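On a predicted model such as this, the values are computed, not experimentally measured, just so you know.
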Amino acid sequence: MLEPDAPPLAREHLDRDAISRSGVGREAAFDADPNARVLVVRDGKVLLGDAAGSRVLGLRHPSSLPAPALRCYLGRTLGDSVDGAGDPLSTGSPIEAWVLDDDPAAGLADDDGWAGLRTVATQLDDRDAGLAIQAVALANWHGTHAFCARCGSPTEVVASGWARRCLAEDALRFPRTDPAVIVLVTDDDDRVLLGSNAMWQQDRFSVLAGFVEPGESLEAAVVREIAEETGLIVDRVEYLGSQPWPFRPASCARSAPAWPTGPRSPPCPTARRSSSSAGSTATS
């Protein structure tokens, strides 16, 4: 059970059913199952549903959709719920993510019918948030791994979208997660340090973030990243929790507050970063 103050992307209510991913005939059985539903992904955005009163995913039966460029098995529902049209969806209903190209996707909804995770993730319930995050993360990984990172040969999708096989080496490649930290930096007066990216629109700011280096602890990464990006030295780090980070590049974001050193720190500056910086500032 997740804590009420868990990070917003750390929500899920789904049986991932990993044992079924390599089952023979699984896709055909899914397509024929009247309880099967599909979450459609287009260019990093998910299709929304029509249920009144709340934001829901547009889960549809596979028979109502055009052929996908990619399909990934996400798992089975836990508990009775509803689909994108508000129709009942029973416990154990299988869910897939289908990635559609622009032309077939355009016939499903106009631009307002699609939403990115940064816009909609906090408005979805635990089931839909977990499905959307999982689907977008897998779609992003497949989008950058059509070729083997080791030899450059083409790869093919296997294990219901949870791996790719190098056609030259017959070796499996799995989705990777790069650990990162997202940090809320405050001083002794409880002021917050924010950063901005030169590529962002004016007056857009964010808490700070960066990737964990090889052999580095999460706490050490916080101290190093804040020093590199702002010049401030952090002397207290408190771990809050973890959440997936489905955006490119893939990382698992750990949240932590941190405090600059000294009994009374100077006023917190606003850190504005160049677009060429090697670090990464988190988006709000």
Side-chain angles (χ1 to χ4, degrees), residues 1-3 6-42 44-51 54-100 108 115 117 120-142 157-164 172 174-175 177 242-246 250 252:
M1 189 83 174
L2 292 175
E3 295 296 327
L9 300 185
R11 297 184 295 132
E12 182 176 79
H13 189 63
L14 183 76
D15 173 8
R16 293 202 172 200
D17 190 25
I19 195 172
S20 297
R21 293 172 184 170
S22 299
V24 177
R26 191 205 60 77
E27 289 188 356
F30 178 88
D31 293 343
D33 189 338
N35 291 318
R37 292 296 185 271
V38 173
L39 168 56
V40 184
V41 181
R42 170 196 185 187
K45 295 183 178 182
V46 294
L47 181 65
L48 298 178
D50 302 320
S54 62
R55 299 300 292 270
V56 297
L57 297 179
L59 301 179
R60 301 191 180 189
H61 191 268
S63 63
S64 68
L65 297 170
L70 169 72
R71 58 191 295 178
C72 302
Y73 178 53
L74 303 182
R76 295 183 177 273
T77 57
L78 294 172
D80 295 338
S81 56
V82 297
D83 63 11
D87 296 328
L89 200 58
S90 61
T91 300
S93 297
I95 309 291
E96 282 192 0
W98 286 16
V99 178
L100 298 186
L108 299 179
L117 289 180
V120 78
T122 58
Q123 303 173 32
L124 299 172
D125 63 18
D126 288 355
R127 185 205 69 180
D128 281 5
L131 287 172
I133 292 163
Q134 186 185 167
V136 170
L138 283 171
N140 283 339
W141 179 74
H142 282 286
V157 179
V158 295
S160 297
W162 286 91
R164 298 187 74 101
L172 294 179
F174 297 95
T177 296
S242 66
Q243 66 177 4
W245 194 250
C252 183

Chemist: Hey, what do you get for OG (Ser93) to CG (Asp15), rounding to the nearest 0.5 Å?
Modeler: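 Answer rounded to 0.5 Å: 12.0 Å.
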Chemist: Rounded to the nearest 0.5 Å, how far apart are CG of Leu124 and CD1 of Ile133?
Modeler: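 Reported to 0.5 Å precision, the distance equals 8.5 Å.
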Chemist: Distance-only, no hydrogens or angles: does the Ser160 side chain make a donor-acceptor pair with backbone N or O of Cys72 under 3.5 Å?
Modeler: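 Pair absent, no side-chain N/O of Ser160 close to backbone of Cys72.
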Chemist: Between Asp128 (side chain) and Leu57 (backbone), is there a donor-acceptor pair under 3.5 Å?
Modeler: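 The answer is yes, because a donor-acceptor pair under 3.5 Å joins these two groups.
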Chemist: For Gly161, is there any backbone N or O sitting under 3.5 Å from a side-chain donor or acceptor partner on Arg164?
Modeler: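 No; judged by distance alone, with no hydrogens or angles, the pair does not exist.
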Chemist: Measure across Gly92 and Arg76 and return the closest heavy-atom pair with its distance rounded to 0.1 Å.
Modeler: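 For Gly92 and Arg76, the tightest heavy-atom pair comes out as O-NH1, 2.7 Å.
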Chemist: Taking atom CD of Glu96 and atom CG of Asp33, what is their separation to the nearest 0.5 Å?
Modeler: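 Glu96 CD to Asp33 CG: 10.5 Å, rounded to 0.5 Å.
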Chemist: Quick one: does Thr77's side chain have a donor or acceptor within less than 3.5 Å of a partner on Ser90's backbone?
Modeler: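 Yes; at least one donor-acceptor contact below 3.5 Å.
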Chemist: Backbone N or O of Leu78 within a donor-acceptor pair of the His13 side chain at under 3.5 Å?
Modeler: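 Side chain of His13 to backbone of Leu78: a pair is present.
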Chemist: Could you tell me which non-hydrogen atom of Pro34 sits nearest to which non-hydrogen atom of His61, and how far apart they are?
Modeler: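 Minimum heavy-atom separation between Pro34 and His61: O-CD2, 3.6 Å.
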Chemist: Just so I know, are the side chains of Pro244 and Thr177 near enough to count as touching, which here means a heavy-atom distance under 4.5 Å?
Modeler: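 Answer no - side chains too far apart.
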Chemist: Using modelled atom types and a 3.5 Å cut-off, is there a donor and acceptor pairing between side-chain atoms of Asn140 and backbone atoms of Pro246?
Modeler: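 Such a contact is found between Asn140 side chain and Pro246 backbone.
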Chemist: With rounding to the nearest 0.5 Å, note down the distance linking CG in Leu59 to CG in Leu39.
Modeler: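 Answer rounded to 0.5 Å: 6.0 Å.
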Chemist: Could you list the residues that satisfy side chain to side chain donor-acceptor pair (under 3.5 Å) with Ser64, not counting sequence neighbours?
Modeler: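 Scan of Ser64 (side chain to side chain donor-acceptor pair (under 3.5 Å), adjacent residues dropped) gives none.
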Chemist: Would you compute the distance between atom CG of Leu138 and atom CG of Leu70 and round it to the nearest 0.5 angstrom?
Modeler: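 Going from the CG atom of Leu138 to the CG atom of Leu70 covers 8.0 Å.
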Chemist: Would you name the heavy atoms of Pro66 and Leu108 that are closest together and state the gap between them?
Modeler: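 Looking at all heavy atoms of both residues, the shortest contact is CD-CD2, 4.3 Å.
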Chemist: Quick one: does any side-chain atom of Arg60 pair with a main-chain N or O of Val40 as donor and acceptor, under 3.5 Å?
Modeler: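 Not a single qualifying donor-acceptor pair exists.
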Chemist: Please give me the minimum heavy-atom distance between Val136 and Gly44, naming the atom from each residue.
Modeler: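 Distance-wise, the nearest heavy atoms are CG2-O, 3.9 Å.
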Chemist: Do Arg21 and Arg16 have side chains that approach each other closer than 4.5 Å (heavy atoms only, starting at C-beta)?
Modeler: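 Side-chain contact under 4.5 Å: yes.
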Chemist: Of all residues at least two apart in sequence or in a different chain, which pass the ring-ring contact (aromatic ring centres under 6.0 Å, His included) check with Trp162?
Modeler: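 By the ring-ring contact (aromatic ring centres under 6.0 Å, His included) rule, Trp162 matches no residue at all.
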Chemist: Could you tell me if the side chain of His142 sits less than 4.5 Å from the side chain of Val157, heavy atoms only?
Modeler: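 Heavy-atom side-chain distance check passes, below 4.5 Å.
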Chemist: If I compare all heavy atoms of Val120 with all of Ala115, which pair ends up nearest, and what's the gap?
Modeler: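 Answer, listing the atom of Val120 first, then Ala115: CB-CB, 3.9 Å.
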Chemist: May I ask you to decide if the ring planes of Phe30 and Tyr73 are parallel, tilted or perpendicular, using 30° and 60° as cut-offs?
Modeler: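 It falls in the perpendicular class, over 60°.
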Chemist: Taking C-beta and beyond as the side chain, do Arg127 and Leu89 meet within less than 4.5 Å on heavy atoms?
Modeler: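 Sidechains of Leu89 and Arg127: in contact.
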Chemist: How many angstroms lie between CD in Glu12 and CG in Leu74, if you round to the nearest 0.5 Å?
Modeler: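 Here the interatomic distance stands at 9.5 Å.
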Chemist: With heavy-atom distances below 4.5 Å as the criterion, would you say the side chains of Leu47 and Arg42 are in contact?
Modeler: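 They are not in contact (no side-chain heavy atoms under 4.5 Å apart), so the answer is no.
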Chemist: Identify the two heavy atoms, one from Ala97 and one from Ala135, that lie closest to each other, and give their separation to 0.1 Å.
Modeler: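 In this case the closest contact between Ala97 and Ala135 is CB-CB, 3.6 Å.
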Chemist: So does Val38 get a backbone contact from the side chain of Arg71, meaning a donor-acceptor N/O pair under 3.5 Å?
Modeler: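 The answer is no, because no donor-acceptor pair under 3.5 Å joins these two groups.
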